J.: 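Sharing a structure below in structure tokens format, with a few things to ask.
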Amino acid sequence: MLRDTFGRPLGSLRISVTDRCNLRCLYCMPEAEYVWLPREHLLSFEEIARLTSVFGGLGVTRVRLTGGEPLLRRHLPDLVEQLARCPTVQDLALTTNAVLLAPEAPALKAAGLHRVTVSLDTLRPERFRAVARLDRHQDVLDGIAAARAQFGALKIDTVVMRGINDDELVDLLEFGREMNAEVRFIEYMDVGGATRWQPEMVVSRAEILDRLTQRYGSLAGIDEVSSAPAQRFRLEDGLAFGIIASTTAPFCATCDRARLTADGVLLLCLYATDGTDLRGPLRRGASDAELSEIIHSAWHQRTDRGAEQRLALADRGTLVPVDQLRREPHLEMHTRGG
Ligand code: SAM
Ligand code: SF4
Ligand code: SF4
């Protein structure tokens with residue numbers, strides 16, 4: 001089995017299908033202007049499906065479509081259908097802001113999508129306008145209802161920011177209960193693009209647990225062996241939720257995730273400063289064996305543990321300055337897919 005220098009297998013692939021987005025979340029796209037990837041560089045669905053099958057040959061069984069906002073990519077269900085047919089893909093998921101989800105959910109389900117995760121940071125429309133800076137809250141709620149209707153259950157991911165939405169932990173959990181959605185609270189990360197990040201705004205896993213204990217009483221950790229980033233807990237009444245403590249308790253030691261940008265760059269870490277171009281070889285006619293060898297060699301040499309290295313820094317500020325992000329849009333979270 002293919003393993004990196006720390007013995008970590010390659011198990012999951014996050015595919016960004018576009019770097020564009022219809023929201024401007026404070027923690028991801030806070031700037032007024034962005035430099036986009038050239039459209040002719042975007043991989044076609046056939047190219048994505050071919051690469052997915054090559055990744056499958058190297059151990060990838062879990063695939064997640066992301067972006068930018070993946071539902072901005074036209075005819076996304078066609079890609080889902082191609083990926084669902086790929087024999088190595090055992091788990092096919094989508095992460096979306098849900099603005100465009102309601103009308104697309106039936107086609108996504110019919111195409112073979114297994115699971116949906118919706119990013120939702122607030123239940124309050126006026127706060128949504130402040131955090132996402134567009135007036136689409138009702139569309140998101142409609143999207144969540146549609147996902148529930150089509151898929152039965154879903155996940156909700158919430159980035160917790162001090163002074164912005166950290167007073168909504170209980171409300172979001174209770175909303176999740178109503179929607180049959182497992183809520184996962186994500187610590188605010190200092191990734192590329194999070195140019196407003198400050199350490200004081202991070203609400204740690206310990207603090208989140210403390211606040212929920214005050215409201216619900218004792219919480220039980222759910223014991224499970226998993227490479228998934230969320231640590232899961234259960235309230236006394238049985239409701240499960242997760243916390244993704246990427247900032248204060250990184251899980252690099254078990255990270256089996258590769259990332260593919262919309263223009264075909266392979267990234268081995270959310271914090272990686274460079275990647276491996278797969279589009280060039282793909283479009284120059286490389287065989288599956290040649291593509292596999294490029295990916296194999298990159299993963300075999302992988303030493304990344306970005307979040308752990310960030311945690312070890314004494315003085316932690318913005319990861320990448322804005323002018324560098326303009327020159328190198330691949331460093332943006334919305335380009336690498338979160
Ligand atoms: N647009 C889609 C969405 O928002 O679900 C998919 C792409 S988005 C980049 C993927 C995930 O990254 C989202 O759940 C978002 O909350 C998360 N994210 C973006 N910036 C983040 C940050 N600074 N800290 C923690 N999570 C972040
Ligand atoms: Fe928000 Fe996702 Fe768009 Fe980033 S890519 S601005 S997290 S909706
Ligand atoms: Fe994986 Fe990098 Fe995130 Fe660590 S920081 S969990 S190595 S993607």
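Quick caveat: nothing in here was measured; it's all calculated off a predicted structure. Indexing begins at 1, ligand by ligand and atom by atom, following the structure's order. The figures that follow rest on heavy atoms only: side chains count, while hydrogens, waters and symmetry mates do not.
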J.: May I ask you to list the atoms of ligand 3 that are less than 4.0 angstrom from any heavy atom of Y271?
T.: 5 (S)
J.: Side-chain donor-acceptor pair under 3.5 Å between D121 and Y27, yes or no?
T.: yes
J.: For the pair R211 and E207, find out whether any cationic side-chain nitrogen is under 4.0 Å from an anionic carboxylate oxygen.
T.: yes
J.: For ligand 2, which atoms have a heavy atom of G68 less than 4.0 angstrom away?
T.: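 Close to G68: 5 (S).
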J.: Under 4.0 Å, heavy atoms only, figure out whether ligand 2 is touched by the backbone of C25, its side chain, both or neither.
T.: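 It is both backbone and side chain that touch ligand 2.
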J.: Under a 4.0 angstrom heavy-atom cut-off, which atoms of ligand 1 come close to T66?
T.: 6 (C), 7 (C)
J.: If you count the non-hydrogen atoms of other residues, nucleotides and ligands that lie under 6.0 Å from CD in E40, is the total more than 12?
T.: yes
J.: If the cut-off is 4.0 Å to any non-hydrogen atom of V159, which atoms of ligand 1 fall inside it?
T.: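 Near V159, the atoms of ligand 1 are 16 (O), 25 (C), 26 (N), 27 (C).
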J.: By residue and atom, what protein N/O/S atoms are less than 2.8 Å from atom 1 (Fe) of ligand 3?
T.: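 Metal shell, protein only: C255 SG.
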J.: Report yes or no: does R259 have a heavy atom closer than 4.0 Å to ligand 3?
T.: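 Right, R259 reaches ligand 3.
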J.: At a 4.0 Å threshold, what atoms of ligand 1 neighbour a non-hydrogen atom of V191?
T.: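 So the answer, numbered in order with elements, is 23 (N).
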J.: Dump the intermediate steps for side-chain hydrogen bond (donor to acceptor under 3.5 Å, both in side chains) on D263 and H330, then the final yes or no.
T.: CA-CA 10 Å; D263 61 346; H330 285 99; 2.7 Å; yes
J.: Should the pair R129-D135 be classified as a salt bridge under the 4.0 Å nitrogen-to-oxygen rule?
T.: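 Counted as a salt bridge, because a side-chain N and a carboxylate O are separated by less than 4.0 Å.
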J.: Which of the atoms of ligand 1 are close to N97, meaning less than 4.0 Å from one of its heavy atoms?
T.: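 Near N97, meaning under 4.0 Å from one of its heavy atoms, ligand 1 has 2 (C), 3 (C), 5 (O).
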J.: Check this for me: does any side-chain nitrogen of one of R50 and D288 sit under 4.0 Å from a carboxylate oxygen of the other?
T.: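 Looking at D288 together with R50, the answer is yes, because their closest N to O distance falls below 4.0 Å.
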J.: Are any of the N or O atoms of G67 closer than 3.5 Å to those of ligand 1?
T.: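 No, there is no polar N/O contact under 3.5 Å.
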J.: With the side chain counted from C-beta on, respond yes when V99 and L101 share a heavy-atom pair under 4.5 Å apart, and no when they do not.
T.: no
J.: Before signing off on this row, confirm whether G68 and ligand 1 have an N or O atom pair separated by under 3.5 Å.
T.: yes
J.: Which atoms from ligand 1 have a heavy atom of M333 less than 4.0 Å away?
T.: 12 (O), 18 (N), 19 (C), 20 (N), 21 (C), 27 (C)
J.: Within the structure, is a non-hydrogen atom of M29 found at a distance of less than 4.0 Å from ligand 2?
T.: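 Yes; M29 lies near enough to ligand 2 that a heavy-atom distance drops under 4.0 Å.
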J.: Does a side-chain N-to-carboxylate-O contact under 4.0 Å join R305 and D4?
T.: no
J.: Counting from 1, what ligand 1 atoms have a heavy atom of E69 closer than 4.0 Å?
T.: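 The list of qualifying atoms is 1 (N), 2 (C).
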J.: Report yes if S119 has an N/O atom closer than 3.5 Å to an N/O atom of ligand 1; otherwise report no.
T.: yes
J.: Hey, is R24 close enough to E31 for a salt bridge, meaning N to O under 4.0 Å?
T.: no
J.: Step through it carefully: locate the ring centre of H334, locate the ring centre of Y34, and say whether they are under 6.0 Å apart.
T.: yes
J.: Decide, yes or no, whether a salt bridge links R232 with E182 under the criterion of side-chain N to carboxylate O below 4.0 Å.
T.: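 Yes, charged N to carboxylate O under 4.0 Å.
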